[in-house]
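None of these values were measured; they are calculated from a predicted model. Sequence lines set the chain letters: A, B, ... in the order given, protein chains first and strands last, and positions in each chain run from 1.
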2 protein chains.
Amino acid sequence: MDGARRRATIHDVAHLAGVSRQTVSRAVNDKGEIDPATKERVLDAARRLDYRPSRFARGLVRKGGVTTGLVVPDLMNPYFPEVAAGVLEAAEQRGWQVVVWDSRTDPGREREALDMLSHQADAVVGYFTDADEVLARHLGGVPLVLLERGPRQTRFGAVGIDVAAGMERGVAHLVAAGHRAIGLLDGDAGAPGPRRVAFERAVRRHGLPVDESWIVLCPEHSVSGGGAGMARLLARRPEVTAVVGFNDLIAVGAVRAARGAGRRVPDDVAVLGFDGLSLGELVEPALSTLHIDKRRLGRLAVEQVARLRAGEEPLSGADAWVVPELVVRASA
Amino acid sequence: MDGARRRATIHDVAHLAGVSRQTVSRAVNDKGEIDPATKERVLDAARRLDYRPSRFARGLVRKGGVTTGLVVPDLMNPYFPEVAAGVLEAAEQRGWQVVVWDSRTDPGREREALDMLSHQADAVVGYFTDADEVLARHLGGVPLVLLERGPRQTRFGAVGIDVAAGMERGVAHLVAAGHRAIGLLDGDAGAPGPRRVAFERAVRRHGLPVDESWIVLCPEHSVSGGGAGMARLLARRPEVTAVVGFNDLIAVGAVRAARGAGRRVPDDVAVLGFDGLSLGELVEPALSTLHIDKRRLGRLAVEQVARLRAGEEPLSGADAWVVPELVVRASA
DNA sequence: TTGTACGCGTTATCAG
DNA sequence: CTGATAACGCGTACAA
């Protein structure tokens, strides 16, 4: 009839039903202490006016529930729905709700998300690339928990992944299998990320060669991005006999590119992923990978938020730190 | 120092800074009309008290932003993150935020989600199995848009998938390829769902046999669920030469089960999925499928919500109806 | 059983 | 530039 009209308030309902606002409140909230007849009359009026209590007014007086924001870089990458599932699970247990933002791996959009969430949420957890300083500026004091950042790297809450330990295991596995020419399909642009640093260290420790010629950047973090990266690596370092991918998607792309270039996997070149997506079991050959417990990551993040809010000591050490586990399948 | 203390209000800040609440408001909201010196003093006090404006109080007076709830059955199924991405995208464009719930395909949890969201959200979109009546009871008048329900099937808003048209195309393709013994790996328990109904109709139209012996139920909607279903179908109808899966995950499971049983795909048995997951391109053989534009589905749902809220006529016909597109790859 | 009066935390209006 | 005062919409003692 008229969609642009202001929404009905409790007052309107009271007026229409010929009662006081208090009575309306009782009827709507299904309290006792009200005559069934009037209650029906009130409810009817409410229905006719399409009345719904304002969640703001209600939250104001009832000390409304907790809302936390979740910022992920890319919902279409199967990795992130899994950590999101962990966050949702833990949040729900506490009766919290979570509003989700996809930043599309764009620092600008990450900041926009913060601007929004710092107003609408009681806490934020997510993936951010900016430095603490700039994050703080967009945060307005809202508690923040950074995903996949070491606790020593930020003054905010954090839940990390022990990339170094994972990479160590992965490289050791490859070396044990006899590989001496190992490449990295990296995903971190700009400064060397944890994976690259850990990779170089691990490879060096085994007395193998490493320099930037063994490392190619895959800005895409996708199967096709991995394919492109692998092609470049193959061109630059034809003698390569094993590669580890920044994540499973990239690794899968590497497998396909290797095969496309006429190499057998794992016989000619072994491929190791870093994620543990269930997708890895489905491809041919099945992907060996450093499996990360993503759900746990999400749950831990929520727990950190809870501690921050309570003013408790944040989780630390092994409790706020998930370590990748080597899963050997066919590809390596 | 003390986490359980009540949060500081604007009043506390005003008191500490020795100004009025109004001045605090001006400082915090970065309005003009305030002396830089006092502003700094106020901001300092706010910082010291860890003051953050109540989003409820603010929403109350400022006519707060729109929040919509999104309820999905299973975030770990790659299908749903994609529709979620569509919802988030469209919502963000309108400046709305969306709170996400995973119902784990449990009607009971779907209702819980409604109970919660009907209080905290201005609208809800999602997957629900209950009948209109019971949904309405948990909805308290909040606008609802049902995902993947025909507009004629509900009194709420809806965005549908033209399963019949899709299935028609799929079965036609199989028949054209010479298949005469076609099975269905269904996913809808209880009453026959749209896929099953459409399947039976399409197969019959081509003069082929159908009865429940050709149809097996996969309650799991996963790769392993599909595998189990395929195994049963193979046992019951060894002569089967083609199957269509309820979704791509189930179809992938079917492929693996078929191979495990010594059948070649697609030579001995063709497999057709129903989803269009990008995962389908990665498996071996690549999965033929009825591709659904899931992002669009999500975007349309948000658009429906917008119309509902504006009191406009909801989208209908082709505009609220996404039709699956046959993508032929290797598996069929 | 029903109504009155007040407070929740913030912003807007209008004086000063 | 700053400060009273009045909403915003609802819940809850307390009184009738």
Rounded distance (Å) that lies between atom [atom2] of [N] and atom [atom1] of [X]:
{"X": "B:Arg21", "N": "D:dT2", "atom1": "CZ", "atom2": "P", "answer": "17 Å"}
{"X": "A:His15", "N": "C:dG3", "atom1": "NE2", "atom2": "P", "answer": "14 Å"}
{"X": "B:Leu49", "N": "C:dG9", "atom1": "CG", "atom2": "P", "answer": "13 Å"}
{"X": "A:Leu60", "N": "D:dC10", "atom1": "CG", "atom2": "C1'", "answer": "8 Å"}
{"X": "B:His11", "N": "C:dG9", "atom1": "NE2", "atom2": "P", "answer": "10 Å"}
{"X": "A:His119", "N": "C:dT10", "atom1": "NE2", "atom2": "C1'", "answer": "14 Å"}
{"X": "B:Ile10", "N": "C:dG9", "atom1": "CD1", "atom2": "C1'", "answer": "8 Å"}
{"X": "B:Glu40", "N": "D:dC1", "atom1": "CD", "atom2": "P", "answer": "15 Å"}

Under a 3.5 Å distance rule, please check whether [X] uses its side chain to pair with a backbone N or O of [Y] as donor and acceptor.
{"X": "B:Thr67", "Y": "B:Gln97", "value": "no"}
{"X": "B:Lys39", "Y": "B:Ala37", "value": "no"}
{"X": "B:Arg7", "Y": "B:Arg52", "value": "yes"}

| task | Calculate, to the nearest 0.5 Å, the distance between atoms CZ and CH2 belonging to A:Arg309 and A:Trp96 respectively. | result |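 So the gap between those two atoms works out to 5.5 Å.
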
Residue pair [X] / [Y], side-chain heavy-atom distance below 4.5 Å:
{"X": "A:Thr68", "Y": "A:Asp122", "answer": "no"}
{"X": "A:Leu135", "Y": "A:Glu110", "answer": "no"}
{"X": "A:Phe80", "Y": "A:Pro73", "answer": "yes"}
{"X": "B:Ile10", "Y": "B:Tyr51", "answer": "yes"}

Can you tell me if the side-chain N/O atoms of [X] get under 4.0 Å from OP1 or OP2 in [N]?
{"X": "B:Thr9", "N": "C:dG9", "result": "no"}
{"X": "B:Arg58", "N": "C:dT11", "result": "yes"}
{"X": "A:Ser20", "N": "C:dG3", "result": "yes"}
{"X": "A:Thr38", "N": "C:dT2", "result": "yes"}

| message | Does A:Arg55 reach a base, just sugar-phosphate, or nothing at all? Heavy atoms under 4.0 Å. | response |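 Counting heavy atoms under 4.0 Å across all strands, no contact is made by A:Arg55.
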
| task | Between B:Arg41 and B:Lys63, name the one whose nearest nucleotide on DNA chain D is closer to the 5' end. | result |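 Result of the comparison: B:Arg41.
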
| request: Under the salt bridge (charged side-chain N to carboxylate O under 4.0 Å, His left out) rule, what do B:Glu92 and A:Arg109 come out as? Steps first, then yes or no, please. | output: CA-CA 11 Å; B:Glu92 184 195 330; A:Arg109 290 177 50 82; 2.8 Å; yes

| Quick one: bend of the helix from C:dT1-D:dA16 to C:dG16-D:dC1 from 5 pairs per end, to 10°? |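 Its terminal axes enclose an angle near 40°.
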
Could you run down the sub-3.5 Å N/O contacts of the protein with nucleotides 12-16 of chain C?
{"unit_1": "C:dA12", "atom_1": "OP2", "unit_2": "B:Lys31", "atom_2": "NZ", "d": "3.4"}
{"unit_1": "C:dA12", "atom_1": "N7", "unit_2": "B:Gln22", "atom_2": "NE2", "d": "3.0"}
{"unit_1": "C:dA12", "atom_1": "N6", "unit_2": "B:Gln22", "atom_2": "NE2", "d": "2.2"}

